[in-house]
*Asks:* 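Pasting a structure here, questions to come.
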Amino acid sequence: IQAEAIQKIEQVGELKELQDIKVAYLGKKGSLTGVLRGMGKLSKEERPVIGEIANKVRESITEAINLKSEKLERAALEKQLEKEAIDVTLPGRPVKVGGPHLLTKIVEEIEDLFIGMGFEVREGPEVETDYFNFEALNLPKGHPARDMQDTFYITNELLLRTHTSPVQARTMNEFDGGKPVKMICPGKVYRRDTDDATHSHQFTQIEGLYVDKNVRMSDLKGILDTFAKKMFGEEREIRLRPSFFPFTEPSVEMDISCKVCNGEGCSVCKGSGWIEILGAGMVHPNVLKMAGYDPEEYTGFAFGMGPERIAMLKYGVNDIRQFYTNDIRFLKQYHNA
Ligand code: PHE
């Protein structure tokens, strides 16, 4: 029995067959089990001798089965591993990573700067009413200064906002003369302009408004000076020139110096050495009144700038259309800016 069983075990190629052999020899009806069952018929002297032999046979068959089963399992595992092998030495495929748009970065940078000075960020609708875009800002219907901002009208009363100032009017209205306002409003604006290197029918603005008791022009100057130095470098200076906006009085335009001095002397950029970057002024009493603030009690300043212009000056971009045509070669240059 032993020799026959061992030979069969050796020949087996699959785990299932091995199981069948186990049953055939060691199972309840197996041939070795039959021998052990027949023990009762043997004489007293024969019993221990045959018993010992039978047990040894069982042990060796069991051992042979176990060994073989281990061998088969290992072989199966190896086969599987081989099939599923991964070549870790193959170079990987590079994953293309995008980055924020230059304009997004500039807007966030400006936001961070003003948040750091206590301003809150607010947003408003791009489709605006004539009232908030113009009238609430001291620009009644028919006012000649409306010509400063060529407008896309949707209906007589609805238009695409030409600046983000309406968000300021909305905020003051919401507060209803009751509390100070210190906010900036970034967003898209629209003007009926023909696109060229310096004009775009759609662009972005960030405007700011600070209304409280005793807000003075010198506060405006201080905030703008801090902004210019943080944005363009500590060596920059600012200059305020008189200007006109219907919603501010007095109104100014701010230039930053492009005169940069170091240990070896000063270098001056072309032209006058100053470059205009934003408009600002003290909020017109009419604007305060219309929003429910008492101009005898409250004063405020407002300013507005175009992030495209800031980005163009800071990074030497010479065509505003670059921001919108989305040429990946242009955009990529500023991923780590
Ligand atoms: N709203 C003005 C514009 O779009 C900018 C501005 C804002 C000027 C606030 C003064 C004060 O041109």
Side-chain angles (χ1 to χ4, degrees), residues 110-111 114-115 117-149 151 153-191 204-224 227 243-254 278-306:
I110 298 173
E111 279 178 10
F114 282 101
I115 289 170
M117 295 191 278
F119 287 77
E120 177 194 358
V121 179
R122 290 198 152 233
E123 289 183 349
E126 286 171 34
V127 176
E128 190 49 281
T129 58
D130 184 278
Y131 179 79
F132 281 118
N133 195 81
F134 288 130
E135 282 188 49
L137 299 167
N138 202 29
L139 271 155
K141 289 206 169 71
H143 193 291
R146 283 198 181 201
D147 282 355
M148 286 167 81
Q149 305 187 354
T151 313
Y153 281 92
I154 296 170
T155 65
N156 269 347
E157 291 302 319
L158 272 186
L159 45 82
L160 295 181
R161 68 179 178 194
T162 56
H163 47 185
T164 53
S165 310
V167 185
Q168 311 182 338
R170 282 174 179 276
T171 306
M172 283 194 285
N173 245 49
E174 200 181 298
F175 292 178
D176 202 20
K179 52 178 172 175
V181 186
K182 200 174 183 187
M183 58 164 289
I184 53 165
C185 41
K188 288 197 196 101
V189 301
Y190 303 81
R191 292 202 195 166
T204 53
Q205 269 197 340
I206 295 188
E207 297 203 2
L209 174 72
Y210 180 28
V211 174
D212 203 343
K213 289 167 191 165
N214 299 317
V215 177
R216 292 154 305 172
M217 188 101 181
S218 51
D219 298 315
L220 170 65
K221 199 172 175 193
I223 294 269
L224 293 182
F227 162 73
S243 183
F244 171 78
F245 299 103
F247 27 83
T248 46
E249 182 58 40
S251 302
V252 294
E253 269 173 328
M254 178 176 109
L278 56 79
M282 300 307 289
V283 180
H284 197 290
N286 286 352
V287 174
L288 290 170
K289 244 185 269 172
M290 273 184 278
Y293 284 80
D294 178 0
E296 298 293 328
E297 198 184 354
Y298 282 94
T299 50
F301 65 70
F303 58 87
M305 68 183 97

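Worth knowing before you read on, the calculation uses all heavy atoms, side chains too, and leaves out hydrogens, waters and symmetry mates.
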*Asks:* If you look at every heavy atom in R146 and F134, which pair is closest and at what distance?
*Replies:* NH2-CB, 3.3 Å
*Asks:* If we check side chain to side chain contact (heavy atoms under 4.5 Å, CB included) with L209, which of these qualifies: T171, V283, I184?
*Replies:* V283
*Asks:* Can the ring centroids of F247 and H163 be said to lie less than 6.0 angstrom from one another?
*Replies:* yes
*Asks:* With distance as the sole test, does R216 use its side chain to make a donor-acceptor pair with the main-chain N or O of F301 at under 3.5 Å?
*Replies:* no
*Asks:* In the structure I gave you, are the side-chain heavy atoms of V211 and F175 within less than 4.5 Å of one another anywhere?
*Replies:* no
*Asks:* Within the side chain of D294, is there an N or O that forms a donor-acceptor pair under 3.5 Å with the backbone of E296?
*Replies:* yes
*Asks:* Between the side chain of R191 and the main-chain N/O of Q149, is any donor-acceptor distance below 3.5 Å?
*Replies:* no
*Asks:* Are the side chains of L159 and E128 in contact, using a 4.5 Å heavy-atom criterion?
*Replies:* yes
*Asks:* Give the minimum heavy-atom separation between F245 and S251, together with the two atoms involved.
*Replies:* N-OG, 3.1 Å
*Asks:* Tell me, with the steps shown, if V167 and M183 meet side chain to side chain contact (heavy atoms under 4.5 Å, CB included).
*Replies:* CA-CA 10 Å; V167 185; M183 58 164 289; 4.0 Å; yes
*Asks:* Could you pull out the closest heavy-atom pair between Y210 and K182, with the gap in Å?
*Replies:* CD1-CG, 3.6 Å
*Asks:* Compare every heavy atom of G304 with every heavy atom of E207, then report the nearest pair and how far apart it is.
*Replies:* CG-CA, 3.7 Å
*Asks:* Is there a side-chain contact between M254 and F303 (heavy atoms, below 4.5 Å)?
*Replies:* no
*Asks:* For the pair T299 and V215, evaluate side chain to side chain contact (heavy atoms under 4.5 Å, CB included) and give the outcome as yes or no after the intermediate values.
*Replies:* CA-CA 5 Å; T299 50; V215 177; 3.8 Å; yes
*Asks:* Would you say that F114 contacts V121 through its side chain, given a criterion of any heavy-atom pair below 4.5 Å between the two side chains?
*Replies:* no
*Asks:* To the closest 0.5 Å, what do you measure between CZ (F132) and CG (L137)?
*Replies:* 9.5 Å
*Asks:* Do the side chain of Q205 and the main chain of T164 share a donor and acceptor less than 3.5 angstrom apart?
*Replies:* yes
*Asks:* Using the salt bridge (charged side-chain N to carboxylate O under 4.0 Å, His left out) rule, collect all pairs that involve residues 134-144, keeping only residues at least two apart or in two chains.
*Replies:* D130-K141, E135-K141, K141-E157
*Asks:* Tell me the closest heavy-atom pair linking Y293 and M172, and the distance in Å.
*Replies:* CE1-O, 3.5 Å
*Asks:* Ignoring hydrogens, what is the shortest heavy-atom contact between A280 and L224? Give both atom names and the distance.
*Replies:* CB-CD1, 4.2 Å
*Asks:* To the closest 0.5 Å, what do you measure between OH (Y131) and CG (N173)?
*Replies:* 5.5 Å
*Asks:* Has R161 got a side-chain atom pairing as donor or acceptor with P125's backbone, closer than 3.5 angstrom?
*Replies:* yes
*Asks:* About how many Å separate OH of Y298 and CG of D212, when rounded to the nearest 0.5 Å?
*Replies:* 6.5 Å
*Asks:* Test your reading of the model: is there a side-chain donor-acceptor pair from N133 to the backbone of P166, 3.5 Å cut-off?
*Replies:* no
